[in-house]
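Below is one structure; the comments refer to it alone.
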Amino acid sequence: MPNKKFLFIIGSVGVYLLVTGISFAAFTFAFKGGSSLTSPLSSSNTNQAENNNRKALTDVTGAKTAVCPLNGAKYSAAEQKLWESRRPLAVMIENHLEARPQSGLSDADIVYEGIAEGGITRFEAIFYCQAAAYESIIGPVRSARTYFVDWASEYNLPLYAHVGGANTSGPADALGQLESYGWAGANDLNQFSIGYPTFWRDYERLGHTVATEHTMYSTTTKLWEIGVKRGFTNLDPDKVEWSKGFTPWKFAKDDSAQDKRSDSQTVSYPFWEDENYAVSWQYDKTSNLYKRFNGGQEHKDLNINEQLTTKNLLVQFSVEKNANDGYPGNVHLLYTTIGQGKALIFKDGQAIAGTWAKAKRTSRTVFYDDKAKEIVFNPGKIWISVLPVGTKVAY
């Protein structure tokens, strides 16, 4: 009998250790990049085509009559119902070589592109209409920079997702600015204060191991859910609609007729002198789209394995200077976001030499043609590349 009791105790301990080991392994796997545990998309009962990177949330086959207030594109009433319950979501996405191809950029309505440090560019993707009907993986998510916060401020307390940010005392102190603007702990979705499972690390998402700083991901739905928990839906905690006071750009009802489009156009420009971050766009007359190349390669979205495109390409020239904030290597930069400057606007295969103007942090950046008339964009995605004054653009 004592032997049986002893065996029972030993067996129980063995089962406990086995279960504990499995749980620990699963937890570790979740933080080391196992796709089944690290990137769970919310459950969906739709009959839309799905993959592991992008899941449909509603039927998108209805008539496209609802106009997106951000970029003028048209969507179904079902999609409009979803976006009208939310506010814009701005996400910092990196462009380091180890981050490519990124996830989710194709579902952004507007993308801002600028140098973060050392000539390495970064994106701020604005999700609202195109992303309404899908839960899409987004990333790799990286840190905040003050000039990107200025552009995000145009969307009236958007949800702003990032992983930390510049925080050295001085003009580049993005985290300090978020605090002073009243965003911290509210509409500011800093991964440092949220963590897993809204954010997770996936070391093998690109099919090979990458360094830790290039592994942070989330999804559109998970980030909007954090907004709901904090009282930021389409309404803020004071019940003010986010679009109150928002200044939309002007959009044509439809694309220009084919006979008014150029047969072809190539637009190319560098970011500093590193060819890995040089950009070019090839215009396609039939689709009226600009197709993006990054570092000489087709720039694709990992979620759908398709090349990134835009209907409207803007190049905004801004004064670039070092922040001189004492950060090691003096890598923090500043770009002029408030004031005015020169711009190039590309649409329909044609170039417009114009200007941009922004009155204050929360004001809309408005683009004008060479006759000082506000630009009327084609309905569809808008891509804004911010270049240092003096950068040569070939077209």
Side-chain angles (χ1 to χ4, degrees), residues 90-99 112-126 139-155 157-195 198-199 201 210-218 223 226 271-274 276-277 316-339 341 358 360-363 365 384-391:
V91 184
M92 298 300 301
I93 300 176
E94 65 164 320
N95 193 32
H96 190 279
L97 291 176
E98 288 198 45
Y112 296 85
E113 176 182 25
I115 295 172
E117 58 189 48
I120 300 174
T121 50
R122 190 163 296 178
F123 308 117
E124 179 176 70
I126 311 296
V141 184
R142 284 299 291 269
S143 57
R145 292 293 185 271
T146 181
Y147 33 99
F148 285 104
V149 174
D150 283 358
W151 295 318
S153 297
E154 300 186 16
Y155 301 91
L157 298 178
L159 299 179
Y160 182 62
H162 59 101
V163 182
N167 64 344
T168 305
S169 179
D173 183 8
L175 296 188
Q177 290 158 0
L178 290 169
E179 182 78 34
S180 67
Y181 300 157
W183 290 22
N187 59 303
D188 177 33
L189 308 188
N190 187 349
Q191 182 269 336
F192 286 4
S193 64
I194 298 173
T198 299
F199 290 93
R201 291 197 181 277
V210 297
T212 297
E213 62 266 31
H214 311 302
T215 62
M216 190 67 75
Y217 293 88
S218 187
L223 294 170
I226 295 296
F271 282 94
W272 290 12
E273 298 180 358
D274 191 335
N276 290 314
Y277 299 94
Q316 178 178 337
F317 295 101
S318 296
V319 174
E320 173 194 271
K321 59 183 179 180
N322 289 323
N324 295 317
D325 56 2
Y327 191 83
N330 198 26
V331 298
H332 289 161
L333 299 172
L334 297 172
Y335 284 88
T336 300
T337 60
I338 299 170
K358 180 177 168 75
K360 58 183 180 180
R361 176 178 62 86
T362 55
S363 297
T365 302
I384 305 168
S385 290
V386 180
L387 300 178
V389 170
T391 302

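As the structure is a computational prediction, the values presented were derived from the model and not from experiment. One-based numbering along the sequence shown.
Glu113 meets the salt bridge (charged side-chain N to carboxylate O under 4.0 Å, His left out) test with Arg292; sequence neighbours excluded. With sequence neighbours left out, Thr212 forms a side chain to side chain contact (heavy atoms under 4.5 Å, CB included) with Arg201, Tyr203, Thr215. Residues that satisfy the side chain to side chain donor-acceptor pair (under 3.5 Å) test with Tyr335, not counting sequence neighbours, are Glu320. Taking the side chain to side chain donor-acceptor pair (under 3.5 Å) definition, one finds that Asn167 meets it with nothing, sequence neighbours left out. Residues passing the side chain to side chain contact (heavy atoms under 4.5 Å, CB included) test with Ser143, sequence neighbours excluded: Arg122, Arg145. A search for ring-ring contact (aromatic ring centres under 6.0 Å, His included) contacts involving Tyr327 returns His332, not counting sequence neighbours. Residues passing the side chain to side chain contact (heavy atoms under 4.5 Å, CB included) test with Thr146 are Gln177, Leu334, sequence neighbours excluded. For Leu157, the side chain to side chain contact (heavy atoms under 4.5 Å, CB included) criterion is met by Arg87, Trp183, Asn187, Phe232, Asp236, not counting sequence neighbours. Judged as a side chain to side chain donor-acceptor pair (under 3.5 Å), and not counting sequence neighbours, Thr198 has no contacts. Residues passing the side chain to side chain donor-acceptor pair (under 3.5 Å) test with Asp173, sequence neighbours excluded: none.
Considering all non-hydrogen atoms of both residues, Ser363 and Glu154 come closest at O-CG, 3.1 Å.
Here the straight-line distance linking atom CG of Leu97 with atom NE2 of His214 works out to 9.0 Å at 0.5 Å rounding. In this structure, CG on Asn190 lies 8.0 Å from CG on Leu178, to the nearest 0.5 angstrom. Residue Leu333 holds its CG atom at 5.0 Å from OH of Tyr147, rounded to the nearest 0.5 Å. We find the CG-CD distance between Asp188 and Glu179 to be 9.0 Å, quoted to the nearest 0.5 Å. Atom CZ of Phe271 and atom OG1 of Thr391 lie 8.0 Å apart (nearest 0.5 Å). Thr362 contributes atom OG1, which lies 8.5 Å from atom CD1 of Ile338 (distance to the nearest 0.5 angstrom).
Residues Asn276 and Asp274 have side chains that bring a donor and an acceptor to within less than 3.5 angstrom of each other.
Under the 4.5 Å side-chain criterion, counting only non-hydrogen atoms from C-beta, Gln191 is not in contact with Val141. Counting heavy atoms from C-beta outward, Ile226 and Ile194 have side chains that approach closer than 4.5 Å. Proximity of Val163 to Phe192: side-chain heavy atoms (C-beta onward) are separated by under 4.5 Å at one or more points.
A donor-acceptor pair under 3.5 Å is absent between the side-chain atoms of Glu124 and the main chain of Trp151, judged by distance alone. Using modelled atom types, no side-chain atom of Asp150 and backbone atom of Arg361 make a donor-acceptor pair closer than 3.5 Å.
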